[in-house]
Amino acid sequence: MKLTDKRFWHSCGEAVNQLFLWLFVAFAALLSIDLWRLLITAIVCLIGDGIKSLIFLKIFGAFGIVLVLFSNVALWQVMYSPKIYNRLISIVWSKRLRLLYFITLGYVNVYLLNLYYIRFKYSLYELTQYRINVIYSVLVMFPILNIPVYAVTIRQCNHPMSFRLAAKLYFQGRLAAYMIQTDYSNLIESES
């Protein structure tokens with residue numbers, strides 16, 4: 001294979017990674033809009049017009065589940081690119097997440113747990129081909145259901161933490177970000 005062929009395929013791989021990054025951003029943005037519509041519709045459903053709002057609640061809920069799946073799959077694809085992964089981890093390390101917590105109603109923690117745990121639990125081939133038991137990669141997508149993933153992650157963490165601290169950070173919505181920030185130097189990879 002000629003050197004120019006390798007460069008061509010490398011640039012194609014980078015273009016595909018950029019495409020998946022933008023798909024992830026688009027699906028995550030749509031999901032945050034859907035979560036806000038779901039919250040507002042639930043409040044309206046509780047206050048007054050129940051039947052009509054209940055139909056919208058079901059529609060927004062179903063659309064949200066689809067967006068959860070698509071956004072996490074796009075993140076799984078893009079986080080195996082060292083360049084993009086390092087950029088995402090550095091954003092978390094620099095503590096620029098307050099606005100994202102508000103905009104996503106806390107769902108950004110799911111993506112952070114993906115970046116911290118799933119990235120090193122499975123290889124890209126295993127994750128995309130489902131050759132192994134991928135229960136954690138399914139559980140991680142849904143808040144509250146992902147508590148077992150947090151428990152396993154804390155046990156395997158390089159910096160042990162007490163149950164009290166882990167519970168406090170979980171209820172504040174900062175546990176995944178805290179684990180990334182304390183383990184930052186081990187998460188950054190050198191690009192090959």
Side-chain angles (χ1 to χ4, degrees), residues 6-32 67-101 103-104 106-143 145-146 148-159 161 166 169-170 173-192:
K6 287 182 184 178
R7 286 184 188 155
F8 172 74
W9 290 113
H10 179 71
S11 65
C12 286
E14 289 295 319
V16 169
N17 287 333
Q18 288 295 325
L19 172 69
F20 274 105
L21 177 63
W22 286 110
L23 283 175
F24 164 67
V25 169
F27 289 137
L30 288 173
L31 178 61
S32 66
L67 289 172
V68 161
L69 293 172
F70 285 162
S71 66
N72 280 283
V73 167
L75 180 63
W76 291 335
Q77 291 295 318
V78 78
M79 70 184 172
Y80 284 93
S81 165
K83 182 178 178 181
I84 295 172
Y85 178 78
N86 288 345
R87 191 177 335 148
L88 292 173
I89 289 293
S90 68
I91 290 170
V92 178
W93 183 72
S94 66
K95 302 177 183 176
R96 293 179 287 195
L97 295 174
R98 243 177 245 266
L99 183 61
L100 283 176
Y101 287 128
I103 290 173
T104 64
Y107 194 79
V108 72
N109 286 312
V110 170
Y111 300 133
L112 297 180
L113 188 58
N114 265 319
L115 290 173
Y116 185 80
Y117 183 70
I118 300 298
R119 169 71 165 76
F120 293 103
K121 177 70 175 173
Y122 307 111
S123 71
L124 178 61
Y125 180 76
E126 290 170 332
L127 191 60
T128 57
Q129 298 298 315
Y130 291 94
R131 299 282 182 190
I132 56 171
N133 187 358
V134 289
I135 290 174
Y136 289 141
S137 63
V138 173
L139 286 178
V140 79
M141 291 188 283
F142 302 101
L145 292 179
N146 63 11
V149 181
Y150 275 110
V152 170
T153 304
I154 290 169
R155 269 191 257 130
Q156 294 177 356
C157 190
N158 290 334
H159 304 284
M161 70 176 75
L169 290 170
Y170 179 79
R174 298 184 315 132
L175 181 57
Y178 175 81
M179 290 187 299
I180 289 172
Q181 290 163 358
T182 56
D183 211 12
Y184 177 73
S185 60
N186 295 331
L187 297 175
I188 292 295
E189 338 180 302
S190 59
E191 295 180 35
S192 53

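If you're wondering where the values come from, they're calculated on a predicted model, not measured in any experiment. The residues of the chain are indexed from 1 along the displayed sequence.
Here Ile84 contributes atom CD1 and Met79 contributes atom CE; the two are 12.0 Å apart, rounded to the nearest 0.5 Å. Atom OH of Tyr150 sits about 4.5 Å away from atom CG of Asn109, to the nearest 0.5 Å. We find the CG-CG distance between Leu75 and Leu88 to be 7.0 Å, quoted to the nearest 0.5 Å. The CG atom of Asn72 sits 10.0 Å away from the CG atom of Leu113 when rounded to the nearest 0.5 Å.
Residues passing the side-chain hydrogen bond (donor to acceptor under 3.5 Å, both in side chains) test with Tyr111, sequence neighbours excluded: Ser71. Partners of Arg155 by side-chain contact (heavy atoms from CB on, under 4.5 Å), not counting sequence neighbours, listed by chain and number: Ala151, Val152. For Ile154, the side-chain contact (heavy atoms from CB on, under 4.5 Å) partners two or more places apart in sequence, or in a different chain, are Met161, Ala166, Leu175, Met179. Residues satisfying the ring pair (Phe, Tyr, Trp, His ring centres under 6.0 Å) criterion with Tyr116, sequence neighbours excluded, are absent altogether. Under the rule for a ring pair (Phe, Tyr, Trp, His ring centres under 6.0 Å), Phe142 has no partner lying at least two apart in sequence or in another chain. Partners of Tyr178 under the side-chain hydrogen bond (donor to acceptor under 3.5 Å, both in side chains) rule, at least two apart in sequence or in another chain, do not exist in this structure.
Residues Trp76 and Met141 share a closest heavy-atom pair of CH2-SD, 4.0 Å. Of all the heavy atoms in Arg174 and Tyr101, the pair that sits closest is CA-OH, 4.2 Å. The two atoms that bring Val140 and Ser137 nearest to each other are CG1-O, 3.4 Å, heavy atoms only. Closest approach of Tyr85 and Leu115 over heavy atoms only: OH-O, 3.0 Å.
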Donor-acceptor list for residues 15-32 side chains, cut-off 3.5 Å, not counting sequence neighbours:
| from | atom 1 | to | atom 2 | distance (Å) |
| --- | --- | --- | --- | --- |
| Asn17 | ND2 | Gly13 | O | 3.3 |
| Ser32 | OG | Ala29 | O | 2.8 |

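Although no hydrogens or angles enter the test, the distance criterion places a donor-acceptor pair under 3.5 Å between the side chain of Ser90 and the main chain of Arg87.
At most 12 non-hydrogen atoms from other residues, nucleotides or ligands lie less than 6.0 angstrom from CZ of Phe70.
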